[in-house]
Each structure stands twice: as structure tokens, then as C-alpha cells.
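Note sheet for the following structure.
Both counts, for ligands and for their atoms, begin at 1 and track the order of listing. When reading the values below, keep in mind they use all heavy atoms of this one structure, side chains included, and skip hydrogens, waters and symmetry mates.
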Amino acid sequence: MILKIEELHKQLESIKIDSEEALENYRQQYLSKKGEIQALLADFKDVPKEDKPKVGQLVNVLKKRAQEIYNELKAELGNNNNEDEVAFDLTRPVEFSHIGARHPISMVRKEIIDIFNRIGFVISEGPEVEDDFHIFTALNFPKEHPARDMQDTFFIEKDPDIALRTHTSSVQARIMESQKPPIRTISPGRVFRNEAISARAHCIFHQVEGLYVDKDVSFADLKQTLLYFAKEMFGEETKIRLRPSYFPFTEPSAEVDVSCNICGGKGCNVCKYTGWLEILGCGMVDPNVLDNCGIDSNEYTGFAFGMGVERIAMLKYQVKDLRYFFENDKRFLDQFTGAY
Ligand code: DAH
């Protein structure tokens, strides 16, 4: 029996384990009720009485050791499976962390602002939740005038005087109320319209509004400013054309097209074979608007313009569907990484 105990000690000390399965086999072979150590106890009854204390003690030591080894093997196996516990491998190549990029709308917005900053326009901003006066009345939309329906407005339920601004032209009104000419400002911001969402329209989008008020500001100044903008934005060879239009807050008013930057004006499916792409609305600030905002229309004149940032971004990057800008699909956004 003593020999058997010694033999088992030897076996235990040389055991190697590399899997959960092997560990379980070990447990069954040595520690379970049907295991070899338990089997020794079955033979214990045949040990001469005088040897029993000594042999009993040896079996106990063996049993304890078998359990210790089991615990050690188990801990070792657990460690190998747990990567956190492994020492750092300082030679491992670094994993690139993806730091993200600006949204294309933010990039184009910044580009528009930078272009106007360079010729002395400063940024001003106004509230998105705005009152009727600044969205409509000050801008020469008379009450009940059908021109108010040009833009489908989200009103605040509790107060029909308050709405989500439908255009950044509301900032014009606020600036003119609070500043004295000369005023040269650019107002970027979010606007809201109650429109069905489609490839060409969304209920939230971004505009940049421009305003220049001073003595003797002329339509020629407006035209030259917009030509400068178009060349900076779409390339030196870009041309512009102005088409007569109507806005309540400008007189005369115009819509501005740029020569198609894709076909160079020859005609393609992006410009619908016209050679031109519409980019903004503009005009000379209506004298009523100046007066409504406390600026003497006998002394001052001004021009204003407003453009949609999504529209410019769609033309610049040839994005065919406006909804891409709002879906935040990483595959779409990743294409603009490093574009500006
Ligand atoms: N507010 C107009 C719109 O949202 C855009 C616009 C047109 C702004 C002419 C202007 C302007 O300042 O002069 O459609």
C-alpha cells in the first residue's frame, strides 16, 4: 500500500494539463469517489492495525496534495484563457484607432463661411425657435399673405406666434434691429419645414444667409460677390447667371445658377442638359424690410442672399439623394474623410 501511495505521488507530480477536458479527467482519476485515492481507502481495512495510523496519515497527505495540484492546474488553465492577465507584449504592432471625420455638411458649411470671411463677412447666429415677426412680418410677409405658404411652417401648438424658423433670413431681421450699418454678415443655421422627406427635400436642413447693408450698396456688388463665391466654391472657371424671381424681402429678387461643374456647361444628366445648376436666392433688401428693422431706407441700401448647405454639398460631391446626409451611414460618411 505504501508503494502504491508513493507511485501515486510520482504520477501526480508529473501531470501536465492543457485543456478543461484533461483537468476533468484528472479529477475523475484521482479525486472522485471512483478515483484511485478513494480506492486506497477501500483497501485500508486490510492494513494491519498497528500500521493504520501511519498509513492513514500517508493517504491523507496524498489526498491533500492531489487536491492542491488540482487547484493549481485549474488556476493555470484559467489564466491562459484570460488575455487580460497576460503580460503586455510591447513589440505588438499598434492597432489603428479610427478617429472619425467631419460630417460633409459641416465641411461645406465651414467652406462657405470661410469664403465669405475672406471678404469681410462676420458670422452671426439667431434662434431656431423664432417668433412670427422675425420669420415673416419684419421680412415683408404681410399677415394672411399667400407668400407665407411658400414655406410650410412648424408652429408651436401653444402659441401660434412662435414657430421653428423656416429660413435663416430671420437672422437678417435680428441683426438689422440690433446693429447699425455697415453690416456685412453671414448666418449659418438649421431650418425646419413641414415637408415630406424625399431625395430632394427634408424637414430639417441647413442654410447660410448673407446680408450686406451700407450706403450705396448696389446690385452690381451683389453680383460680383456671388461670382466670387461661385468661383471659390466650384472652381475658377465657374460662371453664374441670375434669373428674375420673387421673394417678399428683396426687390428686385433673383435666383442664381452656376455653370454645371460636371459637364462644364455642355449639358449632362446632373444639370438636366441645361448646363446650369441653381444654387441660391438673392436680391436687394426691400426698403420695407430695412424700415421694419429700424434702418433708414433713404440712407441705406443692402443686398441679401440665402443658400441651402445640403444643395451645395450635393452639387459639390455629386450626391444624388439628400437623405444620405441624415442617415449617418458610416460607409457614406467615410468617403469624406480628409476631404477638407
Ligand atoms: N429665405 C429664402 C429661402 O429660404 C432664401 C433667400 C432668398 C434668402 C433671397 C435671401 C434672399 O436672403 O435675398 O428660400
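Residues Glu130 and Ser170 approach most closely at CG-CB, 4.0 Å, considering heavy atoms. Summarising the geometry of Leu315 relative to Glu278, their closest heavy-atom pair is CD1-O, 4.0 Å, with the distance given to 0.1 Å.
In terms of modelled atom types and a separation under 3.5 Å, the side chain of His167 and the main chain of Ile135 share a donor-acceptor contact. With hydrogens and angles disregarded, no donor-acceptor distance shorter than 3.5 Å links the side chain of Thr153 to the backbone of Phe155. In terms of modelled atom types and a separation under 3.5 Å, the side chain of Arg193 and the main chain of Phe154 share no donor-acceptor contact.
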Next item on the list: Start with the C-alpha gap between Asn71 and Gln67, add the side-chain angles, then the distance that decides, and say whether side-chain hydrogen bond (donor to acceptor under 3.5 Å, both in side chains) holds.
Entry: CA-CA 6 Å; Asn71 293 346; Gln67 185 64 48; 3.3 Å; yes
Next item on the list: Show your reasoning for whether ring pair (Phe, Tyr, Trp, His ring centres under 6.0 Å) applies to Phe219 and Phe303.
Entry: CA-CA 7 Å; Phe219 201 90; Phe303 68 68; 8.9 Å; no
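Residue contacts with ligand 1 for Phe249 involve side-chain atoms from C-beta outward but no N, CA, C or O (heavy atoms, distance under 4.0 Å).
In the vicinity of Ser169, heavy-atom distances shorter than 4.0 Å reach the ligand 1 atoms 1 (N), 8 (C). Shown in contact with Gln172 at under 4.0 Å from a heavy atom are these atoms of ligand 1, numbered in order with element: 12 (O). Each of the atoms 6 (C), 8 (C), 10 (C), 12 (O) of ligand 1 lies under 4.0 Å from some heavy atom of Gly306. Near Gly283, with a cut-off below 4.0 Å to any heavy atom, the atoms of ligand 1 are 13 (O). Close approach to Thr250 involves these atoms of ligand 1, each under 4.0 Å from a residue heavy atom: 13 (O). The Phe247 neighbourhood of ligand 1 comprises atoms 7 (C), 9 (C), with distances under 4.0 Å to a heavy atom of that residue. Residue-ligand proximity, Gln207 to ligand 1, at heavy-atom distances under 4.0 Å covers atoms 3 (C), 4 (O).
Residue, atom and distance of the protein heavy atom nearest to atom 12 (O) of ligand 1 are Glu209 OE2, 2.5 Å.
Residue Ala304 has at least one N or O atom closer than 3.5 Å to an N or O atom of ligand 1.
For Phe332 and Tyr324, the ring centers sit closer than 6.0 Å to each other.
Residue nearest to atom 3 (C) of ligand 1, selected from Met284, Arg193, Met307, Glu255: Arg193 (by heavy-atom distance).
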